[in-house]
Amino acid sequence: SWNTNKNTTTTYNTAYNTTTTWSTSAPSPDQVISLDGTNDAMRFLDTGVQTDLHNMWDGGGTWACLFRITGSTSYTNQYFYQNGWGGGWNNLIWIYPIDGEDYTVRFRQHWSGGIGEWHQDGFDMSEYHLMIITYDNGSTSNNPKFYWNFSGNDENTNPSESNTPSGSLRAMDADYAAYGAAKNGNTPRPLMANIAAAACWSSVLSSSDINSVRATFGGDYADWSDYDTGNCLFFHNFDSSNVSGTTVSPVHGGSDYNLTLTNGAGTSSTTPWS
């Protein structure tokens with residue numbers, strides 16, 4: 001029998017009245033979300049979570065996503081995840097530049113005097129990547145930290161800084177936190193990608209928790225909210241049991257963190273490890 005909470009299998013040997021339990025991989029979700037690079041998006045439309053999402057980096061936060069960029073769009077860049085817009089933004093994760101199959105992941109935080117922006121190069125469109133970004137926006141001297149794929153050398157705790165932040169924190173209480181179809185002013189910057197799992201925490205995950213999440217890369221992608229559960233805002237995978245019409249229910253976080261598929265965003269049965 002599967003125990004999906006703890007990812008274990010239990011076998012009973014009734015002849016000798018013994019029980020054997022071992023750690024194994026839980027069944028993986030059977031589909032991912034597909035965004036086509038025109039205007040598809042997944043959006044948090046419940047107003048009850050706007051403040052939580054906009055302020056998740058206050059004192060330290062963590063963003064994690066398992067994804068594959070699937071192509072270039074008509075724009076030079078793609079906006080991946082944004083916590084809201086409306087005269088500015090709190091933060092933005094975006095893809096630029098794109099050079100053939102290669103691309104860079106950028107993280108941007110808005111300040112009153114100057115935008116802070118950091119980046120990590122070396123990602124390939126032909127591959128799924130698990131990206132984790134931690135950041136504490138309590139001071140302009142703080143840098144985000146990038147972790148990706150397996151633990152080991154795939155991390156950068158002092159990433160390249162494209163723009164140096166200055167001034168005071170500019171927190172925008174704007175609507176439309178979203179994956180894909182985020183905006184630069186009034187212009188969309190659509191995302192062309194498959195997204196397999198995503199989570200956010202209102203804390204900086206410990207090294208052990210980060211490595212526990214990364215240990216799921218390359219196999220199943222079990223419930224990341226098992227780690228630092230009390231600070232996990234949401235965890236989504238996109239198994240067919242969690243998607244009904246245009247509504248995606250979170251595995252963790254409650255219905256306030258439902259995602260709404262907009263502008264034709266859909267699912268694909270091509271999963272990372274199939």
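In what follows, residues are counted from 1 in the order of the sequence shown.
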I'd like a table of donor-acceptor pairs (distance under 3.5 Å, sequence neighbours excluded) in which one partner is a side-chain atom from residues 229-236, with atom names and distances.
unit_1 : atom_1 : unit_2 : atom_2 : d
Thr229 : OG1    : Ser225 : O      : 2.6
Thr229 : OG1    : Asp226 : O      : 3.4
Asn231 : ND2    : Asp228 : OD1    : 3.1
Asn231 : ND2    : Asp228 : OD2    : 3.4
His236 : NE2    : Tyr257 : O      : 3.0

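In terms of modelled atom types and a separation under 3.5 Å, the side chain of Asn263 and the main chain of Asn39 share a donor-acceptor contact. When atom types are taken as modelled, the side chain of Ser202 and the backbone of Met56 share no donor-acceptor pair closer than 3.5 angstrom. Under a 3.5 Å cut-off, the side chain of Ser151 and the backbone N or O of Asn211 do not form any donor-acceptor pair. Looking at Asn143, its side chain never comes within 3.5 Å of a backbone N or O of Asn158 through a donor-acceptor pair. Judged by distance alone, with hydrogens and angles left aside, the side-chain atoms of His119 form no donor-acceptor pair with the main-chain N or O of Pro159 at under 3.5 Å. At distances below 3.5 Å, at least one donor-acceptor pair connects side-chain atoms of Ser112 with backbone N or O atoms of Ser168.
Annotation: side chain of Tyr96 is not in contact with side chain of Thr104 (no heavy-atom distance under 4.5 Å). Two residues are said to be in side-chain contact when any heavy atoms from C-beta on lie closer than 4.5 Å; Arg214 and Asp154 meet this criterion. Annotation: side chain of Leu261 is in contact with side chain of Val248 (closest heavy-atom distance under 4.5 Å). Annotation: side chain of Asn258 is in contact with side chain of Pro250 (closest heavy-atom distance under 4.5 Å). Contact annotation: the side chain of Asn91 never approaches that of Asn137 to less than 4.5 Å [non-hydrogen atoms, C-beta and beyond]. Annotation: side chain of Pro144 is not in contact with side chain of Glu161 (no heavy-atom distance under 4.5 Å). Within the 4.5 Å cutoff, side-chain heavy atoms of Pro190 are placed close to those of Tyr75. Ile93 is listed as a side-chain neighbour of Val105, based on a closest heavy-atom distance under 4.5 Å.
Distance check, rounded to the nearest 0.5 Å: CD of Gln120 to NZ of Lys145 gives 14.5 Å. The structure places CG of Asp40 at 9.0 Å from CG of Leu191, a figure rounded to the nearest 0.5 Å.
Residues Phe67 and Tyr179 keep their aromatic ring centres 6.0 Å or farther apart.
Ser139 and Ser141 share a side-chain donor-acceptor pair at under 3.5 Å.
Between Trp63 and Phe80, the ring planes are perpendicular. Angles over 60° get that label, and only those under 30° would be called parallel.
The side-chain contact (heavy atoms from CB on, under 4.5 Å) with Pro272 is formed by just one residue from the set Leu130, Val32, Asn194; it is Val32.
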